[in-house]
Trainee: 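Can you keep this structure in mind? I'll have questions shortly.
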Amino acid sequence: MKLSHIGFAAATLCLGSATFAADTIKIGALLPLTGGSAPLGLAVRDGQRLAVAHINARGGVMGRNLELVELNDESKPENASKNMEALLAKGVVACSCGVNTGVVLAYQPVMQKAKLPNIVPASAGTKLTKAFQNAPEGNYTFRVQASDTLQAQMMVDYAVKKGHKKIALLHDTTPYGTGGHDDMVKQLITHDIKAVSVGSFKVGDADMSAQLAKAKEAGATVMLVYGIGTEQGHIAATSAKLGLNLALIGSWANATDSFINVAATHAEGAISPQTFVEGATSAAGREFETAYRSEYKRARMTNPTAVAGGHDSILLLAAAIRQANSTDGAKIKAALEKLNSTVPGAIATYNKPFSEDDHEGINLSSAVMAIWKKGAIVRAPL
């Protein structure tokens, strides 16, 4: 891999030593590497591996290499606790874990009990960083991705700004989809708007004609969708097939390959909130893109928001471990809550991104609306 400088000071991430101790600092990466959410899990892993290689090439942390301990969660909540216990048995000191909200919720109690810090790279469920907010041992879940609350705000506000007053809502029945739906309803209230149509679907559904027809009959001009990429793709394709001409604004999975692989040419014009799109405006973002292309030899970044989330979560963990000068979970958590160094990442330049009361590392200033245009995801017009 060509390891160009990715826009952050090496001194922030390592001690500058060229000699490593024999043991490594192990970071857990429990992600869906097979199944329906695998494209996102693999994209997160792409970003994690870039960051680990970059850090290790510059001396590691505390004179030791970082090591990813990768495990496939298969998007199965029923296996979540067992998988997290397996990571702990392998000696991980922190984690960059989480694509599916339901899976993260299932293993969170294990992480809390073990005092294992986790910076979630992709899961957006609002409740993840709140579930243990008042725990006596402290909250060990952080996030470097746009929460559902933030995404819902962006989706609704964008639709209203573009003049849509008759808005339809559609969501999948997972904790991710229902949570996003609730957040969109709350945001609509701030505009004194009530959805003209509300529908739902199950993961795996392909025929969305009934839900879309209901929205069209209600006079909707835009459809706001909360679901993963495959089903959002079916919605776009079905809408085009029925000639409904409904504008589509989806949650961030709308910008994934799972979406465009199903929607194909019908993806054109679909909009979603994102934390990273190619063509970055910062030096760190551009150098991240260069490193990605050099390593993976792809014409475009696959699922860019997920890649960037995986990448930046590792940078922040490395900065916290260095500041704590320890691999003790409680000390890493405390360092994350009071980071004293600036960490330039792909998504943002992080300056005190977390506090004891707020474990969300992303806000409106570090998120954008994106659109599919000629087979690429780019910034949407304001």
Side-chain angles (χ1 to χ4, degrees), residues 28-49 68-84 86-87 95-108 118-128 141 143-148 151 170-181 200-206 208 225-236 250-263 267 270 272-276 301-311 313 377:
L30 180 56
L31 304 165
L33 304 178
T34 57
S37 295
L40 292 180
L42 293 168
V44 169
R45 190 180 69 177
D46 284 345
Q48 291 171 334
R49 288 179 172 181
L68 282 178
V69 180
E70 300 170 356
L71 193 60
N72 183 8
D73 70 26
E74 302 176 278
S75 302
K76 294 180 178 179
E78 63 271 24
N79 295 339
S81 294
K82 179 182 67 176
N83 285 335
M84 186 52 63
L87 279 184
C95 283
S96 167
C97 298
V99 167
N100 300 101
T101 295
V103 175
V104 180
L105 287 171
Y107 61 60
Q108 266 187 309
N118 180 32
I119 301 184
V120 177
S123 299
T126 298
K127 63 181 70 175
L128 294 183
T141 301
R143 177 163 37 210
V144 63
Q145 198 51 262
S147 69
D148 286 337
Q151 289 187 50
L170 190 55
H171 66 93
D172 73 31
T173 56
T174 68
Y176 169 70
T178 56
H181 165 79
S200 64
F201 54 91
K202 295 179 181 179
V203 172
D205 285 355
M208 306 292 181
V225 183
Y226 232 90
I228 59 175
T230 301
E231 284 72 43
Q232 289 202 51
H234 285 303
I235 290 165
S251 55
W252 77 282
N254 173 294
T256 65
D257 278 30
S258 297
F259 172 79
I260 198 169
N261 288 344
V262 174
S272 60
Q274 300 296 318
T275 52
F276 187 85
M301 193 173 291
T302 305
N303 307 322
T305 284
V307 180
H311 176 269
S313 62
I377 190 77

Trainee: Is there a donor-acceptor pair closer than 3.5 Å between any side-chain N or O of Ser81 and the backbone N or O of Ala106?
Mentor: yes
Trainee: Restricting to ring-ring contact (aromatic ring centres under 6.0 Å, His included), what partner residues turn up for Tyr176, sequence neighbours left out?
Mentor: Tyr226
Trainee: Distance check, rounded to the nearest 0.5 Å: Asp172 atom CG versus Gln232 atom CD?
Mentor: 9.0 Å
Trainee: Does Gln274 form a side-chain hydrogen bond (donor to acceptor under 3.5 Å, both in side chains) with Thr305? I'd like the steps, not just the answer.
Mentor: CA-CA 6 Å; Gln274 300 296 318; Thr305 284; 2.6 Å; yes
Trainee: Would the distance check show the side chain of Asn303 and the main-chain N or O of Asp257 forming a donor-acceptor pair, the cut-off being under 3.5 Å?
Mentor: yes
Trainee: With a 4.5 Å heavy-atom cut-off, do Val69 and Leu87 have their side chains touching?
Mentor: yes
Trainee: Quick one: side chains of residues 28-47, donor-acceptor pairs under 3.5 Å with protein atoms, not counting sequence neighbours, listed by atom name and distance.
Mentor:
from	atom 1	to	atom 2	distance (Å)
Thr34	OG1	Asn72	ND2	2.8
Ser37	OG	Asn100	ND2	3.0
Asp46	OD2	Arg298	NH1	2.8

Trainee: Does the side-chain hydrogen bond (donor to acceptor under 3.5 Å, both in side chains) test come out yes or no for Thr275 and Gln145, once each step is laid out?
Mentor: CA-CA 7 Å; Thr275 52; Gln145 198 51 262; 2.8 Å; yes
Trainee: Taking the side chain as every heavy atom from C-beta outward, state whether Phe259 and Ser272 have any atom pair closer than 4.5 Å.
Mentor: no
Trainee: Check for a donor-acceptor pair, side chain of Gln151 on one end and backbone N or O of Ala124 on the other, with a separation under 3.5 Å.
Mentor: no
Trainee: Is a side-chain donor or acceptor of Ser313 paired with a backbone partner of Val120 at a separation under 3.5 angstrom?
Mentor: no
Trainee: Any side-chain heavy atom of Lys76 within less than 4.5 Å of one from Lys82?
Mentor: no
